[in-house]
Amino acid sequence: MPELPEVETSRRGIEPYVVDQAIAAVTIRERRLRWPVSLDIDERLPGATITSVDRRAKYLLINTTDGTAILHLGMSGSVFIVDRNTPAGVHDHVDIELESGHALRLRDPRRFGSLHWSDDVRNHWLLKHLGPEPLGDDFDGRYLWDRSRGRRVAVKQFIMNANIVVGVGNIYASESLFLAGINPKCAAGRIALPRYERLAEAIHEVLQRAIRAGGTTLRDYYGSGGESGWFQQELDVYGREDEPCHRCDRPLTAIVQGQRATYYCKRCQT
DNA sequence: CTTACCGCCTGTCGGC
DNA sequence: TGCCGACAGGCGGTAA
C-alpha cells in the first residue's frame, strides 16, 4: 500500500526524531522479511549516528556515520516513533533504539518489506538499476517517449516498471492515465510525444498532490502507529468500478493487466 | 534485449 | 452469526 507519497510522508515524519541521534541498540524480533535481515544491521547500526534520512524510489535510506540502512515498506509496512520501552505488537519486527529514549519501529504484517545494510548505497543491487525519480529533473515526456520506442507492453505496465521510472505504483498509475486521458491498454511504443508530455505532467501532478495531502495530515509520527498520512488522496478511478466517471459520468471500467487491477474510463481514455 | 509469470505473506472480504 | 477460501499487491527472480 505505501506508494511513493506515503514513503515520502514517512520520511518527513520520522526525520526530526532520528537525525543526529546516536543508535543505542537494535532489536530484531523477526528476520524473515522479503529477504532475511542481515546480521550487518545488528552489528553495524549500534554506535553509529544517523546523519540524514533520504528516499530513493520507495526505499527509505537511513544514513549513518557508518553506512546506510535501506528500508522498504513492501505492501503493509509502516515506520513510526515510540518510547523505547513501548511493548511491541505482533508485527513489530524491528526497533532502532535511539539515545533520546525513542525508538524507530518497523511494523509489517505481511513481511513484504525489507531491511538491508550497505556501505555504498549508490551501487547497492536493489537501487542500481532504478530509473529516474518522477519528481526529479531528468523525468519528462521526452524521456518516456525515448524509452518507450519499440515497446509493445501496455503503457500502464510500462510506467509501473521501476527500470523506467520509480515510484509509480498501481493506484497512481491508473490515476495518472486517467488525468492524461490515455487508455491503459495502449502499447507504450505507439504513443506519441505530446501524449507522453501530458502523461509525465499527470504523474508529477498526482504524486505531488498526494504528498501534499500526506503533509497536511502529518501531525505526529510519535506513537502514532504510523497510520497518519495514509490514503488521503481523492481518487478519480482507482477502486471505482461501475461508479460514474468524474469527467463524463459514464460508469468506470475495471480490467486486469499483468495480474493487477486497472481502472479507467472507456470514453475519456483513448 | 523484451515480455510473462511466479511467489513471498496475512488482513479483508464475499459466499455460504 | 460464523467459518473458510480467495484474493490483493511490490517487486526481484526466473524462464522463454
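Computed from a predicted structure; not experimentally measured. The chains referred to below are lettered A, B, ... by the order of the sequence lines, with proteins before strands, and numbering in each begins at 1.
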| query | Quick one: Arg110(A) CZ to dG7(B) P, roughly how many Å, whole number? | reply | 18 Å
| query | When the distance from CG of Leu4(A) to P of dG10(C) is rounded to whole Å, what number comes out? | reply | 13 Å
| field | Atom-pair distance (CD on Gln259(A); P on dA8(C)), nearest Å | value | 10 Å
| Whole-Å distance separating the CD atom of Gln257(A) from the C1' atom of dG10(C) | 17 Å
| Which part of the nucleic acid does Gln157(A) contact within heavy-atom distance under 4.0 Å: base, sugar-phosphate only, or nothing? | nothing
Pairs: protein N or O with nucleotides 11-14 of chain C N or O, under 3.5 Å:
{"residue": "dC11(C)", "atom": "OP1", "partner": "His72(A)", "partner atom": "NE2", "Å": "2.1"}
{"residue": "dC11(C)", "atom": "OP2", "partner": "Lys58(A)", "partner atom": "NZ", "Å": "3.4"}
{"residue": "dC11(C)", "atom": "N4", "partner": "Arg260(A)", "partner atom": "NH2", "Å": "2.4"}
{"residue": "dG12(C)", "atom": "OP1", "partner": "Tyr59(A)", "partner atom": "OH", "Å": "3.1"}
{"residue": "dG12(C)", "atom": "O4'", "partner": "Arg34(A)", "partner atom": "NH2", "Å": "3.4"}

| Asp137(A), CG atom: more than 12 neighbouring heavy atoms under 6.0 Å | no
| request: Take atom CZ of Arg111(A) and atom P of dC8(B), then tell me their distance rounded to the nearest Å. | output: 12 Å
| Between Glu30(A) and Asp92(A), is there a donor-acceptor pair closer than 3.5 Å when you use the side chain of the first and the backbone of the second? | no
| said: Can you identify which nucleotide, out of dT10(B), dT3(B), dG9(C), has its nearest atom closest to the His91(A) side chain? | reply: dT10(B)
| More than 12 non-hydrogen atoms from neighbouring residues, nucleotides or ligands closer than 6.0 Å to CZ on Arg190(A), yes or no? | no
| task | Take the protein atom CZ of Phe158(A) and the nucleotide atom C1' of dT2(B), then report the distance between them rounded to whole Å. | result | 12 Å
| message | Is any side-chain heavy atom of Asp140(A) closer than 4.5 Å to one of Glu197(A)? | response | no
| task | Assess the side chains of Asn163(A) and Asn161(A): does a donor N or O sit below 3.5 Å from an acceptor N or O? | result | yes
| query | Taking OP1 and OP2 of dT2(B), is either one under 4.0 Å from a side-chain nitrogen or oxygen of Arg152(A)? | reply | no
| field | Side-chain N,O (Tyr172(A)) to OP1/OP2 (dG10(C)) below 4.0 Å | value | no
| message | Categorize Arg151(A) for me: base, sugar-phosphate, or nothing, with a 4.0 angstrom heavy-atom threshold over every strand shown. | response | sugar-phosphate
| field | Side-chain donor-acceptor contact under 3.5 Å, Asp108(A) with Ser76(A) | value | yes
| remark: Among the nucleotides dT10(B), dC6(B), dC8(B), whichever has the atom closest to the side chain of Phe112(A) is dC8(B)
| message | Applying ring-ring contact (aromatic ring centres under 6.0 Å, His included), can you list everything that pairs with His72(A), at least two apart in sequence or on another chain? | response | Tyr59(A)
| message | Under 6.0 Å from the ring centre and within 45 degrees of the ring axis: does the NZ or CZ of Arg240(A) meet both conditions for the six-membered ring of Phe178(A)? | response | no
| request: For residues Ile50(A) and Leu104(A), determine if any side-chain heavy atom of one lies less than 4.5 Å from a side-chain heavy atom of the other. | output: no
| query | Between Asp95(A) and Arg84(A), does at least one N-O distance fall below 4.0 Å, as a salt bridge requires? | reply | no
| remark: Closest to the side chain of Ala261(A), out of dT10(B), dT3(B), dG9(C), is dG9(C)
| Spacing between Leu73(A) atom CG and dT10(B) atom P, to the nearest angstrom | 17 Å
| Starting at CZ of Arg147(A) and ending at P of dT3(B), how long is that distance when rounded to a whole Å? | 11 Å
| note | In short, the helix from dT2(B)-dA16(C) to dC16(B)-dG2(C) is bent end to end, axes from five pairs each side, to 10°, by 50°
